[in-house]
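Contents: one structure, followed by commentary.
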Amino acid sequence: METVAVIDFETTGLSPDWGDRPTEIAVVLLSGGKILDRFQSLMNPGRRIPYYVTQLTGISDEMVASAPPVETVIRQAVRFVGNRPIVAHNAAFDRKFWRSELRRLSLPGDDRSFACTMLLARRVYPESPNHKLGTLAQWLHLPSAGRAHRAMADAETAGYLLHRIRTDISRTYKIRNVDHELLARAQCTPRSSLGRVFCGC
DNA sequence: TGCCAGGCCCTCTTTAGGGCCTT
């Protein structure tokens with residue numbers, strides 16, 4: 001089964017266009033539902049972290065003061081991810097920070113597509129109370145990964161969610177190997193045609 | 001104590017509007 005890189009950013013806010021920067025990144029390499037390797041680092045965003053974000057994530061100005069700068073960590077993360085497909089929960093959010101930081105560094109790969117576990121979960125589990133990562137983890141009884149809203153815990157949980165989605169799709173549509181290409185296609189496919197997408201492959 | 005944006009999806013829709021989700 002293809003190895004994918006599941007990414008999660010903690011940041012100073014919602015938008016790099018407003019000057020927000022990452023404060024932490026975690027990447028897990030996932031294959032067949034097993035975590036093969038992990039990368040995690042706090043980083044110094046060069047700006048203050050709003051109080052409400054610290055309340056949410058537990059990441060404070062004091063914690064990132066001695067951390068390496070964003071540029072250093074992003075270069076390490078890019079090397080760790082390599083050419084593997086990238087997955088995230090609400091991938092549009094992580095993708096825009098990934099792109100923003102790669103462009104700052106003039107690194108290639110800022111146009112890479114991300115597969116999104118939230119969009120997949122909306123289609124596969126429409127009956128879930130909502131499609132927040134924490135709710136899905138609880139609702140599906142996924143393994144506990146630690147404190148929510150920290151990068152490694154959320155990346156691991158998104159990895160477990162991805163594996164569960166693959167397993168349920170395989171069972172529902174009698175497909176043995178649900179690879180990343182199918183997930184990527186599902187990302188752009190209306191829920192009503194999900195069955196046709198997988199049965200058609 | 002900075003409460004910001006944007007892509008996706010649904011519907012009381014499509015020449016639009018609003019909710020969800022991420023920090």
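Proteins get letters first, then strands, A, B, ... in listed order; numbering begins at 1 in each. Just so it is clear, the values below take in all heavy atoms, side chains as well, and ignore hydrogens, waters and symmetry mates. Just so it is clear, the structure is predicted and the values come from calculations on it, not from any experiment.
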Touch class at under 4.0 angstrom, heavy-atom based, for Asp154(A) against every strand present: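 The residue Asp154(A) makes sugar-phosphate contact but no base contact.
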
To the nearest Å, how far apart are [X] [atom1] and [N] [atom2]?
X         : N       : atom1 : atom2 : result
Phe114(A) : dG6(B)  : CZ    : P     : 17 Å
Ile49(A)  : dC4(B)  : CD1   : P     : 18 Å
Trp98(A)  : dT23(B) : CH2   : C1'   : 18 Å
Asn90(A)  : dC20(B) : CG    : C1'   : 8 Å
Gln55(A)  : dT23(B) : CD    : C1'   : 14 Å
Arg47(A)  : dC4(B)  : CZ    : P     : 14 Å
Asn130(A) : dC10(B) : CG    : P     : 16 Å
Lys96(A)  : dC8(B)  : NZ    : C1'   : 13 Å

Sequence-distant partners of Ser60(A), side chain to side chain donor-acceptor pair (under 3.5 Å), two or more places apart: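 Side chain to side chain donor-acceptor pair (under 3.5 Å) list for Ser60(A), sorted by chain: Glu62(A).
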
Residue Leu56(A), side-chain heavy atoms: nucleotide from dG2(B), dT23(B), dC8(B) that is nearest: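 When the side chain of Leu56(A) is considered, dT23(B) is the closest of dG2(B), dT23(B), dC8(B).
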
Minimum-distance nucleotide to Ala92(A) side chain [options: dC21(B), dT1(B), dG7(B)]: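 Within the option list, the nearest is dG7(B).
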
Near-parallel close stack of Tyr52(A) and dC3(B) base (under 5.5 Å, under 30°):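 By the stated criterion, Tyr52(A) and dC3(B) stack.
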
Verdict with supporting geometry, Arg164(A) and Tyr125(A), side-chain contact (heavy atoms from CB on, under 4.5 Å): CA-CA 11 Å; Arg164(A) 175 63 181 270; Tyr125(A) 310 117; 3.4 Å; yes

Whole-angstrom distance between [N] and [M], as gauged at atom [atom1]:
N       : M       : atom1 : value
dT1(B)  : dG19(B) : C1'   : 29 Å
dG17(B) : dT23(B) : C1'   : 25 Å
dG2(B)  : dG18(B) : P     : 29 Å
dC21(B) : dC3(B)  : C1'   : 15 Å
dC8(B)  : dT13(B) : P     : 23 Å

Pair Thr117(A)-His89(A), side-chain donor/acceptor within less than 3.5 Å: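 Short answer, yes.
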
Asp20(A) and Thr12(A): side chain donor to acceptor below 3.5 Å: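 Short answer, yes.
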
5' priority, DNA chain B, between His149(A) and Tyr51(A) [closest heavy atom]: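 Its nearest nucleotide lies further toward 5', so the answer is Tyr51(A).
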
Can you find a heavy atom in the side chain of [X] that is under 4.5 Å from one in the side chain of [Y]?
X        : Y        : value
Arg21(A) : Thr11(A) : no
Asp94(A) : Asp8(A)  : yes
Val27(A) : Val6(A)  : no

Short side-chain N/O contact to dC21(B) OP1/OP2 from His131(A), under 4.0 Å: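 Answer yes for this pair, as a side-chain N or O of His131(A) is under 4.0 Å from OP1 or OP2.
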
Short side-chain N/O contact from His89(A) to OP1 or OP2 of dC21(B), under 4.0 Å: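 Answer no for this pair, as no side-chain N or O of His89(A) is under 4.0 Å from OP1 or OP2.
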
Sub-4.0 Å heavy-atom contacts from residues 5-24 of chain A onto DNA chain B, ordered by number: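 The answer is Asp8(A), Phe9(A), Glu10(A), Thr11(A), Thr12(A), Gly13(A), Leu14(A), Ser15(A), Asp17(A), Trp18(A), Asp20(A).
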
Full working for salt bridge (charged side-chain N to carboxylate O under 4.0 Å, His left out) between Arg150(A) and Glu24(A): CA-CA 8 Å; Arg150(A) 285 300 300 265; Glu24(A) 187 179 43; 2.8 Å; yes

